[in-house]
Amino acid sequence: MALQFKNTLTGKKEEFTPIEPGMVRMYTCGPTVYNYAHIGNFRTFMFEDLLRRYLLYKGYKVTQVMNITDIDDKIIRNSQKQGKKLREFTDPYTDAFFEDLDTLGIERAEIYPRATEHIDEMVAMIKTLADRGLAYEIDGNYYFKISAFNDYGKLAKLDLASLKPGARVASDEYEKESVSDFALWKAWDEKDGEIFWETEIGKGRPGWHLECSAMSMKYLGEHFDIHTGGVDNVFPHHENEIAQSEGCTGHQFVNYWLHAEHLIVEGKKMSKSLGNYFNLRDLMDKGYSGMAVRYVLLATHYRQQLNFTFHGLDAAAKALERYNDFIRNLESYDGGESDGSAGEIVETARSRFEEQLDDDLNISGALGAVFDLIRDINRLKADGKLSADEAESALELIRRFDTVLGFEMQQAGIEEEIEELIRQRTEARKNKDFATADKIRDELLSRGIVLEDTPQGVIWKRKV
Ligand code: AMP
Ligand code: ZN
């Protein structure tokens, strides 16, 4: 079976064919850096990591662009509340975002453009849209005229019959009930204070939707393969992106639109008032590992709602332990007498894993194949029926799977550093410097390393 994706644009599962053979160009809407990203945001970013990694597994070259939204209504409000300049306010959250990606083992995209560094490209688009009769100006504000763009509503399947002609919305985010002309450019207003750009079309700042059209086309071309986000992006954000981009170029913008369903917490919408709102750092503070969070965020099909629970995190830690033990034990396995069955087990696992992921990234099916492989090979090993060569091919396969899953806890390299810290701690304890000893233990713990004092000395384990 060939790789297939459910395309929001057509509502169908379709075979994936890139525009340029062997090459995938994709745009993934990134974070708005006015706060730490929450685990719902990371659900979507994790789905995009799976998509990226599986495309690479299939042998495609991938160019992924993820924008950093560093200007919008919320950012302006919050930076002003704190009396900070725009970058002074957004930079720490941008840095935190990249740290969180690392904690979760999310691979880096090729390009992370910032909205505030692409104002010229956005202004050029507004001018083109105005020339084509698709944008108009009122008091220095520019709006997209949706009645002039025939295809408006094709992504979100809007019924435009009830449209009130000429109704306008200035805010970046709004509901389906307010389908209307939307802001491309917002003229400077006193409450914007220091935040504005002097441009050919006046003094002001861009609306949110425009940045993704301008930056995706700059780095990926006017027509590219895949565009993704969470379901809340379908309308208005992605609908507006299509209108702006296709309005400018006169031809198709993106071939495949993929959207991740939302994450909910213990069955409820995540919200500050319910006290069930978590960013990644909250979970780290509770003692969970980035890898366990990765597992939970990855393991549910992206088009199903993900019900995040603490029970699920504990179960993920167990599954990760089983997965990593499997790899470690195969590495140190001496070999036994083959009964000839391992070859088929390995081949079945490989084809099931690929079949499932080819089917619109069915990760739960793929994980089923992985854990069946672990169970069957472990059984052969326990019975002494697995040869060293067969163990090697099982190991090779799981390492290949791991290029997609990213669940293997790397031990090499940092081992020496950990051993050195343990030596320093032992030394400190000898000198009755318990403060230093505790500090070293806590530092290791914050990196997910647990120490155990045994009669043979101190041993360390990775917390899962
Ligand atoms: P934002 O920083 O608000 O622009 O959101 C970044 C990404 O996270 C977007 O693709 C959103 O669709 C997505 N997102 C927001 N909330 C959730 C949620 N609860 N579950 C999954 N994805 C979400
Ligand atoms: Zn976007």
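When reading the values below, keep in mind they use all heavy atoms of this one structure, side chains included, and skip hydrogens, waters and symmetry mates. Indexing begins at 1, ligand by ligand and atom by atom, following the structure's order.
- Under 2.8 Å from the Zn ion (ligand 2), one finds the following protein N/O/S atoms: C29 SG, C212 SG, H237 NE2.
- With hydrogens and angles disregarded, a donor-acceptor distance shorter than 3.5 Å links the side chain of N141 to the backbone of A187.
- Remark: minimum distance from atom 8 (O) of ligand 1 to any protein heavy atom is reached at N41 ND2, 3.0 Å.
- In terms of protein heavy atoms, atom 21 (C) of ligand 1 is closest to G40 O, 2.9 Å.
- Regarding atom 11 (C) of ligand 1, its nearest protein heavy-atom neighbour is D232 OD1, 3.4 Å.
- The distance from the CZ atom of R108 to the CZ atom of F98 is 5.5 Å, given to the nearest 0.5 Å.
- Taking 4.0 Å as the cut-off between side-chain N and carboxylate O, R52 and E110 count as a salt-bridged pair.
- F224 has its ring centre less than 6.0 Å from the ring centre of F253.
- For atom 4 (O) of ligand 1, the closest heavy atom belonging to the protein is T32 OG1, 3.0 Å.
- Residue F16 is tested with D360, N255, L3, N7 for a side chain to side chain contact (heavy atoms under 4.5 Å, CB included); the sole match is L3.
- Salt bridge annotation for D73-R77: absent, with no cationic side-chain nitrogen under 4.0 angstrom from a carboxylate oxygen.
- The line from CD of E198 to CH2 of W188 is 10.0 Å long, rounded to the nearest 0.5 Å.
- Atoms of ligand 1 lying under 4.0 Å from at least one heavy atom of P31, given by number and element, are 2 (O).
- Geometrically, K203 engages F196 in a cation-pi contact, judged by NZ or CZ lying under 6.0 Å from the ring centre and within 45° of the ring axis.
- What sits closest to atom 13 (C) of ligand 1 on the protein, heavy atoms only, is T44 OG1, 3.7 Å.
- Within the 4.0 Å heavy-atom shell around ligand 1 one finds G30.
- Ranking the protein heavy atoms by distance from atom 18 (C) of ligand 1 puts H262 CD2, 3.3 Å first.
- Atoms CG and OH, on L405 and Y57 in that order, are 9.5 Å from each other to the nearest 0.5 Å.
- A donor-acceptor pair under 3.5 Å is formed between the side chain of R281 and the backbone N or O of A96.
- Which parts of ligand 1 touch G229 is read off a 4.0 Å heavy-atom cut-off, strictly below it: atoms 10 (O).
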Evaluate R399 against E408 for salt bridge (Lys or Arg N to Asp or Glu O under 4.0 Å), listing each step before the verdict. CA-CA 8 Å; R399 287 248 159 80; E408 186 179 356; 3.0 Å; yes
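- Here D172 pairs with K186 in a salt bridge; the nearest charged N to carboxylate O distance falls below 4.0 Å.
- At least one heavy atom of H38 sits closer than 4.0 Å to an atom of ligand 1.
- Below 3.5 Å of separation, one finds no N or O of R43 facing any N or O of ligand 1.
- Taking a 6.0 Å sphere around CD of E200, one finds it holds 12 or fewer heavy atoms contributed by other residues, nucleotides or ligands.
- Residue F45 has at least one heavy-atom neighbour below 4.0 Å for each of these atoms of ligand 1: 6 (C), 7 (C).
- Counting only heavy atoms of the protein, atom 19 (N) of ligand 1 lies nearest to L263 O, 3.4 Å.
- Protein heavy atom closest to atom 10 (O) of ligand 1, with residue, atom name and distance, is N233 OD1, 2.9 Å.
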